[in-house]
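Let me begin by presenting the structure, written as structure tokens, before commenting on it.
Model, not experiment: these values are computed from the prediction. What you see below is based on every heavy atom in this structure, not just the backbone, and it leaves out hydrogens, waters and symmetry mates.
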Amino acid sequence: ETRFTRLNISVAPKKGAAILWPSVLPEDPWSTDERTYHEAVTVDKGIKLSANFWLHMFEFQQALGRGCENEDYYQDYVPAPKNTKSRTPSLRRH
């Protein structure tokens, strides 16, 4: 279950379903929509699996490398080894 604390609503899990929301205001994409603050509710029974997919308006890895101190969103970019056919880089949580 995902609880949106500022909206006072919860979304119960449903097999095969997903929830998606923007984290910015539609009229000002530079401003965080604080209504979307959320938390995962503790699992009482069973196993909870989740996946996050972040979309960024701009490339952000280089700015972080130059000293942008936004540690909450920092991930290390690790290119795939050159001897593999994979084009997918791995991301490692910092």
Looking at NZ of K14 and CD1 of I19, how far apart are the two atoms once the value is rounded to the nearest 0.5 Å?
-> 13.5 Å
For the student: nearest non-hydrogen atoms of G46 and V43, plus distance = O-CG1, 3.5 Å
Joint hydrophobic cluster, V11 plus L7, side-chain heavy atoms closer than 4.5 Å = yes
Can you label the angle between the W21 ring and the H38 ring as parallel, tilted or perpendicular, going by 30° and 60°?
-> perpendicular
Euclidean distance, R35 CZ relative to N8 CG, rounded to 0.5 Å | 14.5 Å
